[in-house]
Amino acid sequence: MGGAVIAYDTETTGLNVHRDEVFAYSICEADSSAATVYPEVYRLDGSAVRRYTSRVKLEDIWKEGKAPKVMHKSKFDLPMTERVLGRSLKEQPFHDTMIQSHLIRSNHPSHALKDLAWELAGIPKDDEDAIKKFLKGKKGDRNYSMVPEPIMTEYQERDALRTILLHHFFYPQIKSDPKMLEVYNNELDLIRTSIDIERRGMMLNPQRCHTLINSTERAALGVLDDIEQYAGRRINPDSPNDLHWLLFQKAGLPITRYTKTGKPCTEKEVLFDLRREFGHHVIESVLKFRSWSKAVTTMRSYLKLMDADHIIHPTLNTCEADTGRESCSNPNLQNVPKMGVLLNPYAVPVRSLFMPRPGHVIFYIDFSGIEFRLAVYYSRDQTLINLVRSGGDPHALAAEIFFGDQFRNERDPAIKKTMRNAAKNMNFAIIYGAGVATIAAGLNLPVSVVMARYQEYKRRLPGLAALSERMTKLAQAQGYVETVFGRRLYVPRGQAFVATNYLIQGTAADILKRAQVRVDKYLKAATGGEVAILLPIHDELVIEYPRKRMADVQEVLRSSVELMQDFPEIDVPLDAEMQVAAANWESKSPFKLTA
DNA sequence: GTCATCGGCGCG
DNA sequence: AAAGCGCGCCGATGAC
């Protein structure tokens with residue numbers, strides 16, 4: 001028996017959770033049979049309410065002890081409602097049909113309410129069309145609160161109905177599978193932490209941001225001048241036409257690769273190859289311009305998105321990615337450029353713009369090599385399991401296999417490191433189904449040589465070498481792979497070879513999502529929220545820590561790391577490392593717990 | 001003017 | 001037959 005629930009949907013003046021406001025809401029109550037349901041529509045100002053004046057009703061809906069509310073994208077409706085009510089709803093039970101949809105069919109083309117309700121219940125989308133049509137005729141600032149009463153009411157009624165129907169379609173499927181229910185419940189907890197993370201946001205240094213924008217822009221313009229000197233006319237390197245002319249006509253460089261639509265490829269790897277062979281200064285200029293102009297627009301967007309307190313509030317998407325990962329947008333703080341990346345020689349120190357709030361430092365806890373460890377776990381390769389358990393280095397082992405005595409006898413640590421790095425790339429290539437040709441290219445060795453050494457690799461590490469094919473076949477047969485935690489990841493049709501990647505990325509996502517919930521709960525209980533998560537980044541938690549609590553730091557971080565690593569389901573150890581930044585995100589230094 | 005697509009690139 | 005993957009965001013481009 002499902003028990004009674006109330007579908008709940010807000011209408012707002014915009015999509016910004018921190019700024020825009022609720023002006024209307026609708027509900028739809030239903031018991032477990034859901035035999036007859038009547039949507040009810042309300043307006044906050046009481047002007048167009050059907051049955052009640054609104055404020056009383058909204059309070060009533062969210063009174064303690066009422067039935068759980070079902071929302072579609074609760075991460076939007078919950079904080080919006082909290083702002084209207086002026087109180088926290090964190091103890092309130094709820095459901096989310098978007099999460100349900102995502103768990104049941106991770107690769108569905110759309111988890112949008114209207115699309116799902118049309119597909120599963122045949123509810124037409126013309127209510128939404130009517131709103132769009134109305135707003136299209138309006139000029140200037142437009143939002144849903146301007147939509148006339150009959151159109152809006154129809155829309156609200158249908159959304160409440162849609163939500164309750166989806167819940168009654170999806171939730172029984174989830175509840176019938178204990179592991180899937182556990183994944184679902186963690187996703188609901190994750191909504192709570194994500195709301196708090198978005199609300200807290202990250203602090204930007206606006207002065208530094210302006211300065212860096214100016215200097216970087218000057219440098220980029222200087223590069224344009226250099227190119228003009230050489231080319232005899234102004235060139236826009238972002239324009240394919242201009243760039244193709246510059247590289248392949250004027251400079252006479254050869255076209256080494258084409259894009260899928262048959263145009264000359266000018267991506268960085270191609271430019272690196274051309275640079276190595278011809279060393280033409282115009283290549284350098286293009287690389288510089290791209291990196292610097294992109295950094296400028298990125299930094300400008302930060303200034304636009306920053307609030308009056310210099311805080312950037314990104315959006316965390318917890319159920320968008322096909323692999324179960326979280327993503328981040330407006331802005332994406334999970335891909336902020338950093339210094340010291342080999343393939344990015346002209347990097348701009350954008351991370352240095354992010355800083356701890358006054359009186360705080362930032363800690364970073366990241367899983368080291370989690371993807372490879374999970375590959376080892378799923379492969380059941382006994383050699384590698386034992387090696388990882390005993391603290392050995394699987395990538396050095398791969399280097400020995402691929403480079404043999406050449407690696408073993410190498411005395412120069414720099415060269416040795418390069419070889420290990422190549423072998424590490426190979427380990428991943430093999431896990432994720434690369435062919436011998438790709439591997440040979442990555443190792444810079446003849447295909448014939450790699451062929452022989454790959455045979456040896458398969459003999460020494462049979463489990464790992466077989467993982468990709470095993471998962472690919474499984475995905476081909478059933479359409480999905482399932483993580484150890486019970487998350488099903490549907491693999492794109494005709495692309496079964498991505499199965500291993502989905503499995504491993506999805507498992508890492510399960511782990512970080514659970515870790516995030518645990519650490520968040522712990523930090524709230526142990527520090528009253530003074531220590532808080534700033535951001536999840538796939539295998540890492542960023543944590544802001546007040547200096548005045550430094551007396552606690554050992555205990556708090558030790559507990560956090562322990563919570564992150566406590567996964568008895570995975571029988572290879574999950575190592576985590578810590579770093580600390582006092583000034584900004586760029587200047588991190590290692591942090592060790594005392595013994 | 002608006003929209004979708006592409007190539008390109010940052011992070012993991 | 002062969003293939004590492006995921007995400008979000010940008011400017012350019014061409015169709016409507």
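This one's a predicted model, so the numbers in the text were calculated from it and none came from an experiment. Lettering of chains follows the sequences in order, A, B, ..., and the numbering in each one begins at 1.
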Closest to the [X] side chain: [options]?
X	options	result
A:Glu267	B:dG10, C:dC9, B:dG8	B:dG8
A:Ala321	B:dG10, C:dC7, C:dC5	C:dC7
A:Asp238	B:dG12, C:dA12, B:dG10	C:dA12
A:Ser301	B:dG12, C:dC10, C:dC9	C:dC10
A:Asn335	C:dC7, C:dC9, C:dG8	C:dG8
A:Thr261	B:dG7, C:dG6, B:dC11	B:dG7

Report the residues that fulfil side chain to side chain donor-acceptor pair (under 3.5 Å) with A:Tyr502, sequence neighbours left out, ordered by chain and then residue number.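 Counting only residues at least two positions away or on another chain, A:Tyr502 forms no side chain to side chain donor-acceptor pair (under 3.5 Å).
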Kindly say if [X] contacts the phosphate of [N], meaning a side-chain N or O under 4.0 Å from OP1 or OP2.
X	N	value
A:Asn344	B:dC9	no
A:Ser239	C:dT13	yes
A:Asn236	C:dA12	yes
A:Arg290	B:dC9	yes
A:Thr438	C:dG4	yes
A:Tyr432	C:dA3	no
A:Thr297	C:dC9	no

For a quick check of understanding: with a heavy-atom distance under 4.0 Å over all strands, which category does [X] fall into, base, sugar-phosphate or nothing?
X	value
A:Ser468	nothing
A:Val350	nothing
A:Ala429	nothing
A:Arg300	nothing
A:Asn425	nothing

Length of the [atom1]-[atom2] vector between [X] and [N], whole Å:
X	N	atom1	atom2	result
A:His244	B:dG7	NE2	C1'	9 Å
A:Lys260	B:dG8	NZ	C1'	12 Å
A:Tyr378	C:dC5	OH	C1'	16 Å
A:Leu271	B:dG8	CG	C1'	10 Å
A:Phe497	C:dC5	CZ	P	5 Å
A:Lys424	C:dG4	NZ	C1'	14 Å
A:Gln495	C:dA3	CD	P	14 Å
A:Glu469	C:dA2	CD	P	13 Å

Give the dot-bracket line for DNA chain C from 5' end to 3' end: parentheses for intra-strand Watson-Crick or G-U pairs under 3.5 Å, square brackets for crossings, | for inter-strand pairing, dots for unpaired. ....||||||||||||
For [X] and [Y], does a side-chain donor sit closer than 3.5 Å to a side-chain acceptor?
X	Y	result
A:Ser327	A:Glu320	no
A:Glu119	A:His108	yes
A:Ser352	A:Asn584	no

Got a sec, which residues hit salt bridge (charged side-chain N to carboxylate O under 4.0 Å, His left out) with A:Asp226, two or more places apart in sequence or on another chain?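 So A:Asp226 forms no salt bridge (charged side-chain N to carboxylate O under 4.0 Å, His left out) with any residue.
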Taking the six-membered ring of A:Phe272 as reference, does the NZ or CZ atom of A:Lys268 fall below 6.0 Å from its centre and within a 45° cone about the axis?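 No, A:Lys268 does not sit over the ring of A:Phe272.
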Decide whether a cation-pi geometry holds between A:Arg208 and A:Tyr302; the criteria are a distance under 6.0 Å from NZ or CZ to the six-membered ring centre and an angle within 45° of the ring axis.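 No cation-pi geometry.
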Using only heavy-atom distances, decide whether a donor-acceptor pair under 3.5 angstrom links the side-chain of [X] to the base of [N].
X	N	result
A:Lys268	B:dC9	no
A:Gln505	C:dC5	yes
A:Asn332	C:dG8	no

Please identify each residue that fulfils side-chain contact (heavy atoms from CB on, under 4.5 Å) with A:Ala219, with sequence neighbours left out.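 Per chain and number, A:Ala219 pairs via side-chain contact (heavy atoms from CB on, under 4.5 Å) with A:Trp292.
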Is there a side-chain contact between A:Tyr364 and A:Ile537, using heavy atoms and a 4.5 Å cut-off?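 No; the side chains remain at least 4.5 Å from each other.
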Flag the pair A:Thr266 / A:Val286 as yes when at least one side-chain heavy-atom distance between them is below 4.5 Å, and no otherwise.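 A:Thr266 does not reach A:Val286 side chain to side chain.
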If you count heavy atoms of other groups shown closer than 6.0 angstrom to NZ of A:Lys114, is the number above 12?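 Enclosed: over 12 neighbouring heavy atoms sit under 6.0 Å from NZ of A:Lys114.
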With A:Phe591 via ring pair (Phe, Tyr, Trp, His ring centres under 6.0 Å) - residues at least two apart: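 Applying ring pair (Phe, Tyr, Trp, His ring centres under 6.0 Å) to A:Phe591 gives A:Phe363.
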Between A:Pro492 and A:Gly433, name the one whose nearest nucleotide on DNA chain C is closer to the 5' end.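 Result of the comparison: A:Gly433.
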Which atom pairs link the protein and nucleotides 1-3 of chain B when you take only N or O atoms and keep those under 3.5 Å?
none

